[in-house]
*Asks:* 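Structure below; questions to follow.
The model shown is predicted, which means the values in this text are computed figures rather than measured ones.
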Amino acid sequence: MSHPLNHPLNRPRPRPGVSAASRRRRRRQAARPAVRSDQLRLGRVDVPRGIPNRAAVFIFMRKMRGPLILVVATMCFGSIGLCLVPPPDGAPQLTAFQAFYFMTFTATTIGLGEIPYSYSTAQRVWVVFSIYLSVVTWAYAITRFMTLGQDSAFTSSRRAAAFSRAVSHLREPFVLVLGYGYTGRSVVKALDSRGRRMVVLDQDSNPIERVSTDLLGADTPAYAADAKDPSILGVAGLDHPLCEAVLALTGDDEANLQIVMACRLLRPELPVLARVANRRPGSSMADFNPTAVINPFDDFGRYLLLSLHQPHSYRLITWLMSATGTELPPLPPPFALKRWLVLSDGPFGDEITDDLTAAGHEVTRFSPQKGATADLSLFNALVCGAASDTVNLALAAHARRTRPEVYLVVRTQSHQRLPLLEAFQPDSVFFPSDLVTRQILVHLVNPHYWQFIDNVMTQDDAWARDLTQRLAARLTTKSPQVQLLSLNRHETPAVARWLESDSLTLGDLFRSPQDRGQRVAAVALLLVRGDEQFIMPDESLPLCLDDKIVIAGRQHAFRLQTEVIYSDTTLGQVVTGRQIPTSWVGQWVARQSQRRDQSQRRGEPEPPQSPGLPKAPQTQKPPPGPGPQKAPQTQKPPPPPGPPNPPQTQKPPQSS
């Protein structure tokens, strides 16, 4: 039995005026799969801007409309009356301009004299009346103008206009930071120390006031507004062509989710990094495919287990993610921890409990209020993870007095408690702001650098130990500077021109231009070629255009490497070891010689030479001077012909 909708009477009839070819074309288009079905944004929408730049002007005109009308009416009334009052005998009547001129300077300064002649008594009476009237009017207008500065709407619109102008006048790439709490403040200071520009938004005005007092290296536009509003993001520079990344670092996971949604739909090509504290908002953010979703509670559990089970990997990762110049930390001592007591409530307690349980540890969880009464003799590790820094430090002090050998993990939220923890010296410190800051810097400074860090976590501890020794021997024990080198015509012009005609290996880029036998203090950590990734690539690996190389090294090594990748002469010297000419003619001759050598190596015949003119016979001239001369060398005569050889006669054939 057929479906009722397939009955001929139930089929939709074609609309009049639509041809059969058009209907077939529409059916083919409907059956064709969508080209961008894997993307969320199918339409293009401009970023809205909710705050007009001239709102302060309109508020000023609306508030000062009455006082300004009163001032203008007073001036007109005084000028017209002065024109109509009769002048002294024989004097002409004042013109409108003369009366207006006199009333103008009288309103500001009194005592300049009567112009253009001495006034009559009636005119003087009118001037006195006008003076008192204008004084009262101007006093009222000035009072209203002074009170306008205390109006919240006018002040807010004026700040918004100033913020919008500051953002639009930026001429350097900047990062949009949404949220200026502990994490946002730490990220802004770290980016400012690296010479990056920022624009800051926060819902509260108190953190925004700290932006000007944090002594940042550059002027940072800051504004107090709700970052969940897309129009506020537009005012903050989301649609600015120099905006290079957005950081959602507010303390509200719901707000961070809305920021990610707005950025990925309005500017999908822009990198977006967000911070979350719960897994559910993090999974919702993952549907919008942001650049990174950082959950410090979950990440700390991984780093804690890494420090216990793979100490060399943990030391290498923390060293590479530290600020440039940080000394290589000591190796964590080995611990055999099985029974854990977690004193925490909220998302942090859930995450750390799940991580420890998945790693095979026995975990008991109490609320922080019951921590003081817990029997610590049953456990050999304690996690003080309350939301209050004071409670965590008190629990850690009680545990150290009760059982000094217990392994202590202390959570802190504020920078102000760091000196106290440095004096207390727990075995592990969980500082969410520092953890988020390190990961954000790795993602922003070099997008491919995080791929290398993530790969280190998957390697065994022996591999990390060998790599640490290799980097320390090449780069010293201070944390290196990491840069991304892209082999293209814009960033590495000399390398691009060299690869057009000859091959180049990775090790050639790390030769010193002063002595090609020495290596600069830099190491290639990762090479990305299309979809392929080479972790710690060998220096004999041949390079190709569009390769991306993550390099760790010293500042002096990067300066030497800049000479190699920009100068054809320096690159030729470090690769071939020969002195490359710098003039145009010398470079042309060198290229011709190089092509001739290449053709000879390939076994190709040399191009034919054009026939030249026959050379004249060279006659030997006798040496000048009266001294003894050598006898000319005469050519030896040919030997006399000998007797001719007798002709060879053919033997007659023998008869049979």
*Asks:* Less than 6.0 angstrom separating the ring centers of F105 and F102, yes or no?
*Replies:* yes
*Asks:* Is any side-chain heavy atom of D226 closer than 4.5 Å to a side-chain heavy atom of L201?
*Replies:* no
*Asks:* Would you say Y449 and I453 make side-chain contact, with heavy atoms under 4.5 Å?
*Replies:* yes
*Asks:* Which of these, V550, V495, T492, sits in a side chain to side chain contact (heavy atoms under 4.5 Å, CB included) with L485?
*Replies:* T492
*Asks:* Side-chain contact test, heavy atoms from C-beta onward, threshold under 4.5 Å: evaluate it for F297 versus I352 and give yes or no.
*Replies:* no
*Asks:* Just verifying a value: how many Å separate T106 OG1 and E114 CD, rounded to the nearest 0.5 Å?
*Replies:* 9.5 Å
*Asks:* Do S231 and D229 get their side chains close enough for a donor-acceptor pair, meaning under 3.5 Å?
*Replies:* yes
*Asks:* Side chain of S479, backbone of A323: donor and acceptor closer than 3.5 Å?
*Replies:* yes
*Asks:* Which atoms form the tightest heavy-atom contact between S130 and G78, and what is the distance?
*Replies:* OG-CA, 3.8 Å
*Asks:* Let me confirm one number: the CZ-OG1 distance from R554 to T324, rounded to the nearest 0.5 Å.
*Replies:* 8.0 Å
*Asks:* Is it true that a side-chain atom of T220 and a backbone atom of L216 form a donor plus acceptor pair closer than 3.5 Å?
*Replies:* no
*Asks:* Determine whether a donor-acceptor pair (N or O, by modelled atom type, separation under 3.5 Å) exists between the side chain of R264 and the backbone of P268.
*Replies:* yes
*Asks:* Just by distance, do the side chain of S344 and the backbone of G385 share a donor-acceptor pair under 3.5 Å?
*Replies:* yes
*Asks:* Drop me the distance from D204's CG to T250's OG1, to the nearest 0.5 angstrom.
*Replies:* 12.5 Å
*Asks:* Can you tell if the side chain of V410 reaches within under 4.5 Å of the side chain of L421, non-hydrogen atoms only?
*Replies:* yes
*Asks:* Any ion pair linking E351 and R279 (charged N to carboxylate O, less than 4.0 Å)?
*Replies:* yes
*Asks:* Distance under 6.0 Å and angle within 45° of the ring axis: does R411 meet both against F348?
*Replies:* yes
*Asks:* Please give me the minimum heavy-atom distance between A96 and C83, naming the atom from each residue.
*Replies:* CA-SG, 3.6 Å
*Asks:* Give a yes or no answer on whether the side chain of N392 reaches the backbone of A386 with a donor-acceptor pair at less than 3.5 Å.
*Replies:* yes
*Asks:* What residue pairs, at least two apart or across chains, pass side-chain hydrogen bond (donor to acceptor under 3.5 Å, both in side chains) with a residue in residues 412-423?
*Replies:* D389-T412
*Asks:* Within a strict 4.5 Å, meaning less than it, do heavy atoms of the P368 and D345 side chains meet?
*Replies:* yes
*Asks:* Would you check if the side chain of W450 reaches a backbone N or O of A292 as a donor-acceptor pair within less than 3.5 Å?
*Replies:* no
*Asks:* What are the two closest non-hydrogen atoms of V429 and F300, and how far apart are they?
*Replies:* O-CE1, 3.9 Å
*Asks:* With no hydrogens and no angle check, is any side-chain donor or acceptor of N256 less than 3.5 Å from a backbone partner on G251?
*Replies:* no
*Asks:* Can you confirm whether or not the ring centre of W138 sits under 6.0 Å from the ring centre of F145?
*Replies:* no
*Asks:* Hey, are the side chains of K548 and L526 touching, using non-hydrogen atoms and a 4.5 Å cut-off?
*Replies:* no
*Asks:* Going from NZ on K478 to CD on E327, what distance comes out if it is rounded to the nearest 0.5 angstrom?
*Replies:* 4.5 Å
*Asks:* Measure from the side-chain N and O atoms of N278 to the backbone N and O of R280, and report whether any donor-acceptor pair falls under 3.5 Å.
*Replies:* no
*Asks:* What are the two closest heavy atoms between G217 and D192, and how far apart are they?
*Replies:* N-OD2, 2.8 Å
*Asks:* Using side-chain heavy atoms (C-beta onward) and a distance below 4.5 Å, is I549 in contact with L484?
*Replies:* no
*Asks:* Checking L441 against R194 for the side chain to side chain contact (heavy atoms under 4.5 Å, CB included) test, could you report, in this order, the C-alpha distance in whole Å, the side-chain angles of both residues, the deciding distance, and whether it holds?
*Replies:* CA-CA 10 Å; L441 290 179; R194 287 164 172 79; 3.6 Å; yes
*Asks:* Might you confirm whether atom OH of Y101 has over 12 heavy atoms from other residues, nucleotides or ligands at distances under 6.0 Å?
*Replies:* no
*Asks:* Evaluate whether atom CZ of F100 has more than 12 neighbouring non-hydrogen atoms of other residues, nucleotides or ligands under 6.0 angstrom away.
*Replies:* no
*Asks:* Which donor-acceptor pairs under 3.5 Å do side chains of residues 166-184 form with protein atoms, sequence neighbours excluded?
*Replies:*
unit_1, atom_1, unit_2, atom_2, d
S168, OG, S164, O, 3.1
S168, OG, R165, O, 2.9
H169, ND1, R165, O, 3.3
R171, NH1, S168, O, 2.9
R171, NH1, H169, O, 3.4
Y180, OH, D214, OD2, 2.4
T183, OG1, R275, NH1, 3.3
T183, OG1, S433, OG, 3.2

*Asks:* Treating T95 as the side-chain partner and Q98 as the backbone partner, does any N or O pair qualify as donor plus acceptor under 3.5 Å?
*Replies:* yes
*Asks:* Could you please spell out the steps behind the salt bridge (charged side-chain N to carboxylate O under 4.0 Å, His left out) verdict for E244 and R196?
*Replies:* CA-CA 11 Å; E244 58 180 358; R196 307 289 287 271; 2.7 Å; yes
*Asks:* Does a side-chain heavy-atom distance below 4.5 Å link P67 with L70?
*Replies:* no
*Asks:* To the nearest 0.5 Å, what is the distance between OG1 (T143) and CG (L148)?
*Replies:* 12.5 Å
*Asks:* Going from CD on Q258 to CG on L233, what distance comes out if it is rounded to the nearest 0.5 angstrom?
*Replies:* 10.5 Å
*Asks:* Let's go through E254 and K228 carefully: what are the C-alpha distance in whole Å and the side-chain angles of both, what is the deciding distance for side chain to side chain contact (heavy atoms under 4.5 Å, CB included) to 0.1 Å, and is it a yes or a no?
*Replies:* CA-CA 9 Å; E254 189 70 22; K228 295 181 293 184; 5.8 Å; no
*Asks:* How close do L82 and W126 get, counting heavy atoms only, and between which atoms?
*Replies:* N-NE1, 3.2 Å
*Asks:* May I have the step-by-step check of side chain to side chain contact (heavy atoms under 4.5 Å, CB included) for I551 and Q561, ending in yes or no?
*Replies:* CA-CA 11 Å; I551 302 175; Q561 200 174 55; 3.6 Å; yes
*Asks:* Got a sec, which pairs hit side-chain hydrogen bond (donor to acceptor under 3.5 Å, both in side chains) with one end in residues 68-93, sequence neighbours left out?
*Replies:* T74-T137
*Asks:* State, to 0.1 Å, how close A552 and F558 come at their nearest heavy-atom pair, and which atoms those are.
*Replies:* C-CZ, 4.3 Å
*Asks:* Set out, in order, the CA-CA distance, both residues' side-chain angles and the distance that settles side chain to side chain contact (heavy atoms under 4.5 Å, CB included) for L238 and V246, then state yes or no.
*Replies:* CA-CA 8 Å; L238 182 62; V246 178; 3.9 Å; yes
*Asks:* Please confirm whether the backbone N or O of D219 pairs with a side-chain atom of R197, one donor and one acceptor, at under 3.5 Å?
*Replies:* yes
